Amino acid sequence: MDIIVCLKQVVDPELPQTEFAIEPATGRQVREGRPLVISTYDENALEVALQLKDRGGGKVTVLTLGPQAVISDAFRLALAMGADEMVVVDDPRGPDRLGGEKAAILAAAIRRIGRFDLVLTGCESADWTERVVAPVLAEALSAACVTFVSRVEAADGTLMVRRMADEGFHRVEVRLPAVLSVASDESNRPRLPKLKDILAAKRKPVHVWPVADMPAAPGDLAAGVEVREVVIPQRTTRCEFLEGESAEQAAALAQRLRDLKLL
Amino acid sequence: MAPTREVFWNIPRLGVVIMYLLAFAAVAVCGYGVYQHYRTWRRGKPASRLTPVGPRLRAVVVHVLAHGRLLADRVAGIYHAALFWGFVFLFAGTLVVFVHQDLGLRIMQGPFYLYFQSAALDLMGLAAAVGVAAALVVRYGLGSPRLRRGILSDALVLWLFEGILVTGFLVEGLRIAGTRDPWGPWSPVGYGISGLIDAAAISEATIRLGHAGLWWLHFLLAMVFIAYIPFSKLFHLVLAPANVYLQPLVNPAAPGRIDFDKAERFGAAALGDLTWKDLFDLDVCTECGRCTAVCPATATGKPLSPMHVILDLREEMKRTGTGAAPGRVLAGDVIAPEALWACTTCMACMEACPVFIEHVPKIVEMRRHLVMEVAQMPDTMEDALRSLEARTHPFRGAGISRAAWAEGLAVKKLPRGDRAEWLLWVGCAAALHERNHATLRALVRVLDAAGMDVAILGDEETCTGDPARQMGNEYLFQTFARQNIETLDRYGVRKIVTLCPHCYNTFRHAYPELGGHYEVWHHTQVLARLVDEGRLALTGSAAATITFHDPCYLGRHNGEYDAPRHILQALPGARTREMAQSRQKSFCCGAGGGLYWMEDRTGQRINHVRTDHAVATGAEIVATACPFCTLMLEDGVKARGTSIRPMDVAELLERSLRGEHH
């Protein structure tokens, strides 16, 4: 099975809050001087792809979109983990584009890669959390789509997948080609690469394609969304004292919690 | 007539011939056994341990002749010394007989015969007999908890010893009685026995018969002893002094270097990936159990016993011989990975080992295999290493930035263009944990008060790579080391002071191998010197009872026990109390070897137990000199709900400087 995994580079989501900053003029997140990592669930998606390859063979290509200059060492990790090659769509504006727009560019890149049976993405990115790339990609590629997939098993030309649900999960059979967005699960904890794979990753092919070479994306997929303002939420705490005897306080507390829909 | 004796009294010429034949046979069996071992050691990789000769010989004098480490266990040390020196004298006596009889150099006569060959040998033989008896009593009478292993083979060896000594004395007594030896009283034990024989009025024929029988028994036991050496723990008679000589003279905890441009295998998968010295170590072990008795992992119920690591490896070496039988994977088949991951690399085992076996480097070599070849390690440790790669520190989820602690302090920063004589290397455990910010700020104030010119790297500081190294990812360690050396050299850093013993150890021992040469000081060393030079006005009362917890990487790894104590003693009004396990015998806080990042779920938590040790002194403050120790003890104090306060030495010093009462 030939699998393409879309990886997004984000500012380390575990960075201390004090390091998180937004440029007031542009509304873009400040990336300079911050550690850049592969977005959390994207690593789970890669792990799923590698497990499918381990079991059934095939090829795993990782695809990313962003300024080529900064997409470097961190993404060697993906090759070290076992991806066969990497395609970087060199796009200085990449980090600032919205999901739909990105999906359209990624779809063009995937068409250029050519053969694929399966495209995997993380279920949501660690920065914008839009959750739209997978469905828009599926639409653009005319492929089946399942989101929030926790487990995948290849079964004779189709896939049996678990889709996370509010209570329990759905079992879904998917025909190929398909686009799945992957959630984290104990079965897809990203593997630790072996040192010989880390060393070998330095010799694996990395293709850099300028974003300008991607055929213009169909406008309607990305249209209709515009970012007006980006702010860092202010966390405030408020303390409220409940009056009365213990029993009255307990009753009042229960009522307050119900009002807040916490009970 | 000059005092002497007939060597082969009562032994016919044919008997003497048979004796020589049997002696050759025994020596041949011994030689064959030694050669078999030698062939297995040769499976190991090279290691150079023969020079420098001077300090190595000095170590042999201290730890073999003077029983340095053996005496750490007073009782065992004394009875071992008795039987050791007893047998050394008796062996020397046998050599004298050899020279006298076989080489024909008549040395066994005159005063030498009386003072040495008779009196000294008799008394030393008696000492040996008492020593062996004590060893038997400790094992089988008192049931020493650490001497549980090899309890049957120990019995064999000890009774063999005792048999040789007792028959020797009996033979001597019978000879003195049978020959009416005029010099008999010079051999007090034998003379005493001859007195008993005289008193019993035994006939001369019976004396001769008894003498001949016991002479042969004595001789045969001695030959069994010689032949048995390479096949039993007796081998340590030869190997232990050799191993003392071959010990690592500097930085004993360090695993072997890996040159990643050339290496094809990373770490120890099989015995052949260890050095010959590592394999030699395995045969040296006498199963005395001192290592396991002091291991904090063993003490808290973890699945690690350093002695059994050595013995299980030895079993594998025996099984595979010179490599004909297929070897098993060390980490997994021979040693449980859980055991390897329970080691805090605290060096208690190596410090306790009287024969200088190197447990820790072997454990790290096997970890290297797990991490770099198999890519398997505890999840939380893996997270730490991923964090290290992604954000240059191993503290996943740390909610503060590296330079936050210095806010509001006028500290020079090299990246801003400041220059200073000293670099203060902060270390991640101090910079990224708020508890340690107080220590850092205190340290900076003290250094400032003493007029020291210090700068920090701020956001350009990264991990030294040490956690990666201890966990077994040498590659990641070297990546960090090279980057840091590049940064330090770019700013022309020459002198480094750090409050993290792990960083200190890394700069001091690991960076020079990679081309980073700096003058490195631990903050307690700098502070002790400032106190000595009178550069700090310690005016404020620090009246409190303080106990000091030795950080392993400051103490056992680098031999610095005095600097922090020196500071504490200089605090006006402070009283210090030692924990039962302190200095060389200090008990780890549980964080070393990368175990800060492992969930300590099995058995008791090491830091809780160490907190109990501190509480037991009755001290109000447990002082330490390592940001990891501080965090671990803080956690222990919370868990135990006690009132003892963990504080860094620098904090205490600063309070006394400001005159604060606490």
Side-chain angles (χ1 to χ4, degrees), chain A residues 7-21 30-40 42-44 46-47 50-51 54 70-82 126-127 184-203 235, chain B residues 258 260-267 269 368-405 407 415 431-434 458-460 462-463 468 471-479 483:
Chain A
L7 301 180
K8 183 180 185 182
Q9 190 181 43
V10 296
V11 173
D12 182 2
E14 290 191 12
L15 214 56
Q17 278 179 20
T18 51
E19 305 266 309
F20 185 87
V30 179
R31 293 161 65 89
E32 290 71 25
R34 312 308 195 254
L36 301 170
V37 299
I38 298 174
S39 184
T40 323
D42 297 5
E43 286 191 336
N44 301 103
L46 176 59
E47 178 60 34
L50 295 172
Q51 286 178 14
D54 289 346
V70 294
I71 294 185
S72 49
D73 289 349
F75 280 70
R76 289 276 170 195
L77 175 67
L79 295 175
M81 283 169 70
D127 49 4
S184 69
D185 181 78
E186 61 187 24
S187 68
N188 63 26
R189 182 182 159 88
R191 64 188 61 188
L192 188 66
K194 297 173 184 173
L195 181 55
K196 71 171 170 44
D197 297 328
I198 294 173
L199 299 174
K202 291 181 177 163
R203 295 188 298 272
R235 191 186 290 265
Chain B
I258 300 183
F260 286 98
D261 292 334
K262 292 186 190 132
E264 285 170 4
R265 289 152 71 90
F266 313 112
R368 284 174 167 180
H369 169 73
L370 285 176
V371 174
M372 293 191 285
E373 296 266 8
V374 194
Q376 273 174 7
M377 61 194 306
D379 286 353
T380 46
M381 280 187 166
E382 191 183 319
D383 286 343
L385 290 193
R386 280 179 187 273
S387 175
L388 195 53
E389 282 186 274
R391 39 191 94 95
T392 75
H393 67 73
F395 295 97
R396 198 177 160 196
I400 29 180
S401 63
R402 220 175 248 285
W405 67 272
E407 268 166 34
L432 298 168
H433 273 275
E434 269 177 284
D459 288 326
E460 281 194 41
T462 72
C463 176
M471 290 181 203
N473 194 335
E474 180 73 9
Y475 182 75
L476 188 56
F477 162 70
Q478 289 192 12
T479 309
Q483 254 166 32

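Side chains included, hydrogens not; waters and symmetry mates left out as well; all remaining heavy atoms used. The chains referred to below are lettered A, B, ... by the order of the sequence lines, with proteins before strands, and numbering in each begins at 1. Everything quoted here is computed from the prediction, not taken from an experiment.
Using a 4.5 Å heavy-atom threshold, the side chains of A:L77 and B:R386 count as touching.
Neither the backbone nor the side chain of B:D459 comes within contact range of chain A, judged by heavy atoms closer than 4.5 Å. Using a 4.5 Å cut-off between heavy atoms, A:P190 contacts chain B through both its backbone and its side chain. Using a 4.5 Å cut-off between heavy atoms, A:R191 contacts chain B through its backbone alone, with no side-chain atom that close.
With chain A as partner, the option from B:D379, B:L432, B:L476 having the largest number of non-hydrogen pairs under 4.5 angstrom is B:D379.
Residue A:L195 holds its CG atom at 4.5 Å from CZ of B:F266, rounded to the nearest 0.5 Å. Atom OG1 in B:T479 sits 8.5 Å away from atom CD1 in A:I198 (nearest 0.5 Å). To the nearest 0.5 angstrom, A:R189 atom CZ is 4.5 Å from B:D383 atom CG. Within the model, atoms CG of A:D197 and CE of B:M372 stand 13.5 Å from one another, a figure rounded to the nearest 0.5 Å. Atom OH of B:Y475 sits about 5.0 Å away from atom CG of A:L199, to the nearest 0.5 Å. Separation of atoms CD1 (B:I400) and CD (A:E19) is listed at 11.0 Å; rounding is to 0.5 Å.
Residues B:S401 and A:P16 approach most closely at N-CG, 3.7 Å, considering heavy atoms. Contact detail for B:V371 and A:L192: the closest heavy-atom pair is O-CD2, 4.5 Å. Taking both residues in full, the closest heavy atoms of A:K194 and B:V374 are given as CE-O, 3.7 Å, listed atom of the first, atom of the second, then distance. Closest non-hydrogen pair, A:V37 versus B:A390, comes out as CG1-CB, 3.5 Å.
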